[in-house]
Amino acid sequence: MAEQESKVAQLLKKHEQDVLQKWLSYQMSSMTWRADLMKESDLREQSREFLQLFIEVSQQSGPGADAAAWKSAKEMLAEVSRSRAMQGFSPSETAMFVFSLKQPLFDTLRRELNDVEELSREVWSTTTLLDKLGLYTVEAYQQSRESVIARQQQELLELSTPVVQLWDHIVALPLIGTLDSARTQVVMERLLEKVVQTGASIAIIDITGVPTVDTLVAQHLLKTVAAARLMGADCIISGIRPQIAQTIVHLGVNLADVITKATLADAFAVALQRTGARVTRVGVKE
Amino acid sequence: MVVLKDESAPIRSSIDVMRVRQIVREWAVSLGFSLVDQTKVVTAASELARNTMVYGGGGELRMEALNSDTRRGLRLTFSDQGPGIADMEQAMKDGFSTGAGLGLGLGGAKRLANEFAIDSRPGQGTTVTILRWNKL
Amino acid sequence: MERIPILKMGRVLLVTIQVDMHDRLAMTLQDDLTERIVQDRAHGVLIDISSLEIVDSFMGRMIANIAGMARVLDAETVVVGMRPAVAITLVELGMTLSGVKTALNMDTAMAMLMASFADKEHFNGGSQG
């Protein structure tokens, strides 16, 4: 059984260059070849490497015996999928890298094996193997796309919470959009980091752009205020809309210990006053 | 879920409590926890280790690094052979303490962890388990 | 025995906690500080915790105790430089240290103490005149 299974490997070794050439030309003439995304030399290198790994994988037979070869083949395919996902290949274009090997491979088998039974057996075992590897490619592609999405979500989260310095010792955090627990946590950490960096004694959290505030978010805001106070900075919450004010009272959230102002301008005025600065008009004609 | 590694540490003295903080920090760092998550899990460990020492008359910490498909976690189990907890509901309340503490230990540790379990019967010791996942 | 050093600058005592303390060391610091407040006739205590990577409920309570005892002894306490991660965790733990003054850095802390000393002088002067 072991000898028969390695027939493909034997044949492949013998005709490696020939198979590789045919495979390459097949890949490049196919509909799924993306000359705009990838260089021919890269494709050549990847194909050569995969073919060699495939020979190793198909050489060893029996369950468990092929662990090492499998591992390196899978690693290689994961790398190919990752780079193609980045380059903008579609899942099927990526999977075709593996599946397109079937044609030159089966051509060789058909040419070299005369016994019909042996041929069909070899074709079957080879196609099973290639299908597995092809599916693995799709899976790896999917995974790398998911990690890209996760990273983008994180970036979006960070982009959407800019902490700006308004004046000496005054920073502000204009919040826009819905606040959920995860986002509020990121916001909280960034604000406190910025307070340390700038040595700001007052932080204004402006929630003019926040449509609704629920109990959880209100509590997160209160926690931020409490944490800032532990570090030695005061928070002012500004831009509380009438509906939100109603909700807060209705929910029974205690904002008694927090300075709240209707607008960011009011909050800024208080902050300036507290830090010992004053705004005056100059050069205004009476 | 797979246990990547596990280790035990004794809790007999306040020096041991300090060592628990150090080693839990090391594990949290190696699991890729963010600074805030590290601080939370180390603080929870400190509270529970002190409970084990003060109320349980000493005991042991077992640490396990967990791995699931999408995240990694740190599971800490504190066990002692002490007198156990008679009134669980009361023990979990903030501000309740039979000792010199502030009574924030159990409730606080629960709030700092993602998962929390406690098993205790009078005369049979106490086991507290917390689990904190790494935010990915 | 192991101790955390207490420095004196005029009427201000300065403590810098640089390493993680075990509980007994924290208790010793609490005792030492109250003693020194009386001995040095200090009006202010600065506790720099900017090196501390964690503050749990025990250490939090110790800080609150020091501030409370100092107040009784007519000295004001300012906790300086708590890290963001520590502050977030303490709040989650349920400790807000209300009644304890806090400052971002030594400069601000010193300015706070000086301002409150000036108020005191003013008050004392006023009551005498």
Side-chain angles (χ1 to χ4, degrees), chain A residues 158 161 163 165 167-171 173 181-205 216-237 253-259 271 273-277, chain C residues 14-17 44-64 66-67 76-116 118-119:
Chain A
E158 279 168 22
T161 54
V163 184
Q165 180 149 22
W167 204 257
D168 281 349
H169 305 298
I170 303 171
V171 291
L173 172 72
S181 211
R183 185 167 167 225
T184 320
Q185 208 174 341
V186 173
V187 167
M188 185 163 162
E189 287 175 30
R190 283 174 60 89
L191 179 66
L192 299 181
E193 287 294 343
K194 195 75 174 188
V195 162
V196 174
Q197 275 170 27
T198 57
S201 55
I202 295 194
I204 301 170
I205 305 173
L216 214 61
V217 171
Q219 264 158 9
H220 273 299
L221 285 175
L222 286 178
K223 281 180 189 170
T224 311
V225 175
R229 206 202 66 82
L230 281 174
M231 292 164 50
D234 286 325
C235 285
I236 302 174
I237 299 179
V253 177
N254 183 13
L255 281 179
D257 299 331
V258 183
I259 314 168
Q273 196 189 357
R274 285 211 173 187
T275 53
Chain C
L14 172 63
V15 182
T16 305
I17 304 174
V45 178
L46 293 181
I47 307 176
D48 176 8
I49 60 165
S50 56
S51 304
L52 278 191
E53 288 182 327
I54 88 146
V55 171
D56 65 5
S57 70
F58 186 87
M59 290 179 249
R61 187 171 57 101
M62 181 208 69
I63 291 170
I66 290 175
E76 208 167 314
T77 308
V78 183
V79 173
V80 186
M82 187 185 290
R83 297 187 182 189
V86 173
I88 290 170
T89 306
L90 260 189
V91 169
E92 205 69 50
L93 202 56
M95 284 203 95
T96 50
L97 294 181
S98 51
V100 180
K101 288 199 172 176
T102 51
L104 280 173
N105 48 49
M106 272 298 170
D107 286 347
T108 337
M110 212 51 172
M112 278 166 77
L113 281 184
M114 289 309 142
S116 102
D119 281 353

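Residue numbering restarts at 1 for every chain, and letters A, B, ... go by the order of the sequence lines.
In this structure, A:Arg274 pairs ionically with A:Asp234, as a charged nitrogen and a carboxylate oxygen lie closer than 4.0 Å.
Annotation: maximal heavy-atom pairing with chain A below 4.5 Å, among C:Ala85, C:Gly81, C:Ala103, C:Ala109, occurs at C:Ala103.
The environment of A:His169 atom NE2 is sparse: at most 12 non-hydrogen atoms of other residues, nucleotides or ligands sit within 6.0 angstrom. No more than 12 heavy atoms of other residues, nucleotides or ligands sit less than 6.0 Å from atom CD of A:Gln273.
A:Ala200 touches chain C through its backbone: at least one of N, CA, C or O sits under 4.5 Å from a heavy atom, while the side chain does not. Neither the backbone nor the side chain of C:Val80 has a heavy atom closer than 4.5 Å to any heavy atom of chain A.
A donor and an acceptor atom, one from each side chain of C:Ser116 and C:Glu76, are located under 3.5 Å apart.
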